[in-house]
Amino acid sequence: MPQPDSVKARLAALDRIDDELCAVLQHAQATIGALAELKRGHAALQPQLEQHVRDYYRTLEHSTVALRNEIRELDAAVGTQLLPVNIGKRAVGQDQEKLSEQLAQMDKYVGSM
Amino acid sequence: MSNQVLLDKLDRTTESLSQALAQLVKLSSIDRASADSDGDNDGTTDSITSVATNGVMMVHAHTTQLIRGVQDLLVITRAIRETWVLGQIPKKNGDEDAIDYEKCERLLEKAMDDFFGPVAL
């Protein structure tokens with residue numbers, strides 16, 4: 001179903017946040033990996049470890065701030081673009097196509113008489 | 001889910017995520033340096049095995065916490081996405097979607113007349 005541009009923009013922003021959240025895990029993994037190597041005696045990895053830790057916190061901050069902004073956007077849109085209540089939306093309008101088809105047939109066979 | 005709930009959850013998760021990695025790094029040296037830790041555990045009196053076991057369990061707990069935290073944040077983005085897609089205020093349909101009920105009525109009446117003959121009212 002085609003979405004309005006404003007919704008598309010929000011969905012794209014949420015996709016980017018998802019990517020960043022996954023990157024948080026990746027940086028955590030890199031940090032632990034570098035730490036393990038460091039413990040095995042590779043002292044040269046110290047700057048790399050620092051970089052990974054920095055990346056972890058930077059990505060975490062970035063993604064959570066973006067997420068907070070998204071929640072704000074959501075809050076602002078309630079009432080104007082979004083319904084203030086949760087409704088269990090089922091497959092509304094899915095039968096529209098069939099209905100129009102049947103009406104067209106009826107028009108063809110009955111309407112022309 | 002209301003937005004305040006989402007914000008609270010985000011705050012809590014961010015806090016635990018920011019501590020999880022630090023805890024992991026701290027725990028990585030517990031088995032060999034329990035003596036010079038800042039005394040917040042009883043490791044100095046325990047055997048090295050018990051300290052190491054505790055350390056491993058704590059590492060597991062914090063790793064799980066880290067992964068769970070990221071999962072929770074992903075759940076939040078999913079909830080927001082769901083609200084955007086499913087919670088939109090339905091627009092008035094354009095002319096192409098609207099059903100001409102009067103025309104339907106006329107067609108139906110005509111069909112009935114054709115099948116059963118004109119009904120005298």
Side-chain angles (χ1 to χ4, degrees), chain A residues 1 3-4 6-8 10-11 13-15 17-18 20-22 24-25 27-28 31-32 35-36 38-39 49 52-53 56-57 60-61 63-68 70-75 77-89 92-93 96 99-100 103 106-107 109-111 113, chain B residues 1-7 9-11 13-15 17-18 20-22 24-25 28-29 32 59 62-63 66-67 69-91 93 96-101 103-104 106-115:
Chain A
M1 201 167 100
Q3 301 289 344
S6 58
V7 174
K8 267 188 202 156
R10 297 274 61 77
L11 292 181
L14 286 165
D15 283 348
I17 295 176
D18 274 5
E20 283 196 340
L21 288 174
C22 294
V24 167
L25 271 187
H27 289 312
T31 307
I32 301 297
L35 184 69
L38 199 65
K39 297 258 172 200
L49 174 73
H52 286 315
V53 173
Y56 173 83
Y57 282 106
L60 182 65
E61 186 198 347
S63 54
T64 48
V65 168
L67 194 51
R68 181 176 295 272
E70 285 304 316
I71 296 177
R72 289 241 177 81
E73 293 259 4
L74 191 72
D75 213 8
V78 166
T80 55
Q81 292 181 62
L82 298 173
L83 293 168
V85 287
N86 266 334
I87 50 164
K89 192 173 179 185
V92 181
Q96 200 76 25
L99 185 63
S100 336
L103 283 176
M106 202 161 143
D107 202 11
Y109 290 117
V110 183
M113 278 187 223
Chain B
M1 215 178 326
S2 91
N3 295 324
Q4 196 52 49
V5 176
L6 287 180
L7 279 175
K9 199 170 165 194
L10 175 65
D11 282 346
T13 318
T14 311
E15 193 182 341
L17 274 179
S18 64
L21 191 70
L24 278 176
V25 174
S28 69
S29 59
R32 83 170 57 158
V59 165
H62 282 104
T63 312
L66 202 150
I67 296 171
V70 175
Q71 276 178 345
D72 282 352
L73 294 183
L74 289 174
V75 166
I76 293 180
T77 64
R78 187 183 185 280
I80 298 176
R81 215 176 265 138
E82 222 166 59
T83 316
W84 275 114
V85 174
L86 297 178
Q88 290 171 32
I89 294 177
K91 286 202 193 76
N93 281 333
E96 72 273 12
D97 280 348
I99 302 168
D100 189 353
Y101 291 107
K103 192 180 169 195
C104 287
R106 268 187 279 113
L107 282 174
L108 267 176
E109 272 178 13
K110 199 162 179 214
M112 294 293 273
D113 286 351
D114 286 347
F115 288 141

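- With a 4.5 Å cut-off on non-hydrogen atoms, Leu60(A) touches chain B through its side chain but not through its backbone.
- Within the 4.5 angstrom heavy-atom criterion, only side-chain atoms of Ile17(A), from C-beta onward, approach chain B.
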What pairs of donor and acceptor atoms, side-chain ones from residues 72-80 of chain B against any protein atom, are under 3.5 angstrom apart with sequence neighbours left out?
unit_1, atom_1, unit_2, atom_2, d
Thr77(B), OG1, Asp18(A), OD1, 2.7
Thr77(B), OG1, Leu74(B), O, 2.7
Arg78(B), NH1, Glu82(B), OE2, 2.7

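- Gln81(A) has its side chain within reach of Trp84(B): a pair of non-hydrogen atoms, C-beta onward, lies under 4.5 Å apart.
- Between Leu66(B) and Leu25(A) the shortest side-chain heavy-atom distance falls below 4.5 Å.
- Shortest non-hydrogen contact noted between Cys104(B) and Met106(A) is O-CE, 4.4 Å.
- In this structure, Leu10(B) and Arg68(A) have side chains that are in contact, with non-hydrogen atoms separated by less than 4.5 Å.
- Every side-chain contact (heavy atoms from CB on, under 4.5 Å) that Gln71(B) has, sequence neighbours left out, goes to Ile67(B), Arg68(B).
- Within the 4.5 angstrom heavy-atom criterion, only side-chain atoms of Arg10(A), from C-beta onward, approach chain B.
- Between atom CD1 of residue Ile32(A) and atom CG of residue Leu21(B) there is a gap of 5.5 Å, rounded to the nearest 0.5 Å.
- Between Thr31(A) and Leu24(B) there is no side-chain heavy-atom pair separated by less than 4.5 Å.
- Contact annotation for Leu17(B): both backbone and side-chain heavy atoms come within less than 4.5 Å of a heavy atom of chain A.
- In this structure, chain B has a heavy atom under 4.5 Å from the backbone of Thr80(A), while its side chain stays farther away.
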